[in-house]
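Just below is one structure, and these are the notes that go with it.
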Amino acid sequence: MARLAGVLTDVQIRHWIKAGLPVAKSDGAGLTFTLSAKGTAAWVLRYRIGGKQKELTLGNYPDLTLTKAREHAAAKRVAVQQGIDVAQAEQARKVAMTAAGTVTELCDEYFARTVKGRIKRPDWVRAILDQDVIRTMGKSRISDVKPVDVDRMVAGIVRRGSPIMANRVLTTTKAVFDYAIRRHWIEYNPAAAFSRKDAGGEEKARTRALADAEITTLIKAFDAAG
C-alpha cells in the first residue's frame, strides 16, 4: 500500500539537518527529503514512467520549503500522468539554457520580435541596445550575465554624466532579459533588483518634458515586449 503523502514536518527536517547525518525520508507519493554527507538538503521526486524508475531533484531546502516542495511535486506528478518524463524535460531545459547565445544575439532577437515595426522610432531603442547593452555585455553568454554586470554598465553611464539615459538603459535592459526568461534561456532577470535610484533617480520635470516623445515611444516598446 502506498504511503500517505504529507507525513514530514519542518521540525523533523530541522532536526535531521542539525544532526548532520545523511538521510532520505519520504513525504509520500514519491516526494523525498534527502540530506547528503556534505550537508546538502534537497527535495527529490521519484516516479515511474515507461516502466522505468526515475527521479528529479526539485530544489534545495530551505530555498524550497516543505510546502512549496509538495506543490512542485504535485505539478510534476500531473505531468508524469500525462506521459511527460519530467526529468528528461528538465535536462532538455537546462541544455537549452546552456546553449543560449550571447547578449548581442539576444538584443538582436528582442529588437526584431518586439520593437521593429511596432513603434515609430525603433532606432531609439536600437541605439540604446548598441551603444550601451551590447557595447558593455554583448560578448557575454546570456546565462553568464550577473547583477554586477548590470550595475557596472549603469554606473558607467551615470559617471559620464547621463543619469537620464542610465534610467532608460536600465529599463531597456530589464525588458531584454524578461524576454530571455520568456524564451526559457534564463531563470531570473539580472537587472530585476535595480531601480531608478540605482541609475539616475527620478527625472526632473523640465528635463522630462524635453524628452516626452522619446519616453512615450520607449514605453510602447516595453508594452509590446510584454
Side-chain angles (χ1 to χ4, degrees), residues 59 63-64 68 72 90 93-226:
D63 297 329
L64 189 64
K68 288 296 183 181
H72 280 35
E90 178 64 14
R93 185 189 67 80
K94 289 181 178 179
V95 169
M97 287 174 59
T98 303
T102 65
V103 172
T104 295
E105 293 168 331
L106 169 62
C107 288
D108 289 345
E109 182 171 321
Y110 166 79
F111 180 80
R113 296 187 62 174
T114 70
V115 179
K116 188 176 181 180
R118 298 195 179 195
I119 62 176
K120 292 182 179 179
R121 294 298 304 273
D123 53 304
W124 286 340
V125 178
R126 184 74 254 184
I128 287 177
L129 296 175
D130 291 339
Q131 296 173 17
D132 292 292
V133 183
I134 291 176
R135 184 177 62 82
T136 57
M137 300 186 291
K139 294 181 180 180
S140 300
R141 298 192 70 80
I142 302 167
S143 56
D144 289 341
V145 177
K146 300 295 186 291
V148 66
D149 300 310
V150 177
D151 182 54
R152 187 180 298 115
M153 175 185 67
V154 173
I157 300 170
V158 174
R159 280 197 302 271
R160 72 180 188 230
S162 305
I164 295 172
M165 182 54 67
N167 277 328
R168 295 170 190 170
V169 171
L170 178 59
T171 303
T172 303
T173 303
K174 287 183 177 181
V176 167
F177 283 100
D178 277 345
Y179 175 81
I181 291 174
R182 295 198 297 274
R183 296 283 280 132
H184 304 288
W185 289 335
I186 54 176
E187 293 183 314
Y188 81 101
N189 189 326
F194 295 90
S195 68
R196 287 181 178 271
K197 292 181 180 179
D198 299 301
E202 294 297 329
E203 297 179 23
K204 295 180 180 179
R206 184 177 64 180
T207 304
R208 187 167 58 245
L210 296 176
D212 276 346
E214 181 179 358
I215 296 172
T216 300
T217 300
L218 287 173
I219 289 174
K220 289 181 179 178
F222 302 144
D223 287 344

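We count residues from 1, following the sequence as given. Keep in mind that this is a model prediction, so the values were computed, not measured.
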Subject >> Over all atoms of both residues, closest heavy-atom pair of Ile142 and Thr102 >> reply: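 Scanning both residues, the minimum pair turns out to be CG1-O, 3.5 Å.
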**OP:** Taking all non-hydrogen atoms of both residues into account, name the closest pair between Val158 and Ala166 and its distance.
**Re:**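 So the two residues come closest at CG2-CB, 3.7 Å.
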Backbone N or O of [Y] within a donor-acceptor pair of the [X] side chain at under 3.5 Å?
{"X": "Lys139", "Y": "Met137", "value": "no"}
{"X": "Asn167", "Y": "Ala199", "value": "no"}
{"X": "Arg118", "Y": "Arg113", "value": "yes"}

Rounded to the nearest 0.5 Å, how far does [atom2] of [Y] lie from [atom1] of [X]?
{"X": "Phe177", "Y": "Cys107", "atom1": "CZ", "atom2": "SG", "answer": "7.0 Å"}
{"X": "Thr114", "Y": "Glu109", "atom1": "OG1", "atom2": "CD", "answer": "9.5 Å"}
{"X": "Phe111", "Y": "Thr172", "atom1": "CZ", "atom2": "OG1", "answer": "11.5 Å"}
{"X": "Leu129", "Y": "Asp123", "atom1": "CG", "atom2": "CG", "answer": "11.5 Å"}
{"X": "Thr104", "Y": "Ile134", "atom1": "OG1", "atom2": "CD1", "answer": "4.5 Å"}
{"X": "Ile157", "Y": "Asp132", "atom1": "CD1", "atom2": "CG", "answer": "4.0 Å"}

Subject >> N-O pairing of Asp149 and Arg152 below 4.0 Å >> reply: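 So Asp149 pairs with Arg152 through a salt bridge.
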Subject >> Note: Arg126-Asp108 ion pair, threshold 4.0 Å (strictly below) >> reply: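 Looking at Arg126 and Asp108, the cut-off is met.
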Subject >> Verdict with reasoning, Val154 to Phe194, per side chain to side chain contact (heavy atoms under 4.5 Å, CB included) >> reply: CA-CA 10 Å; Val154 173; Phe194 295 90; 5.9 Å; no
Original post:
Going through the distances and angles, do Asp198 and Asp151 end up as a side chain to side chain contact (heavy atoms under 4.5 Å, CB included)?
Top reply: CA-CA 8 Å; Asp198 299 301; Asp151 182 54; 5.6 Å; no
Original post:
Around atom NZ of Lys68, are there more than 12 heavy atoms of other residues, nucleotides or ligands at under 6.0 Å?
Top reply: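 Not more than 12 within 6.0 Å, no.
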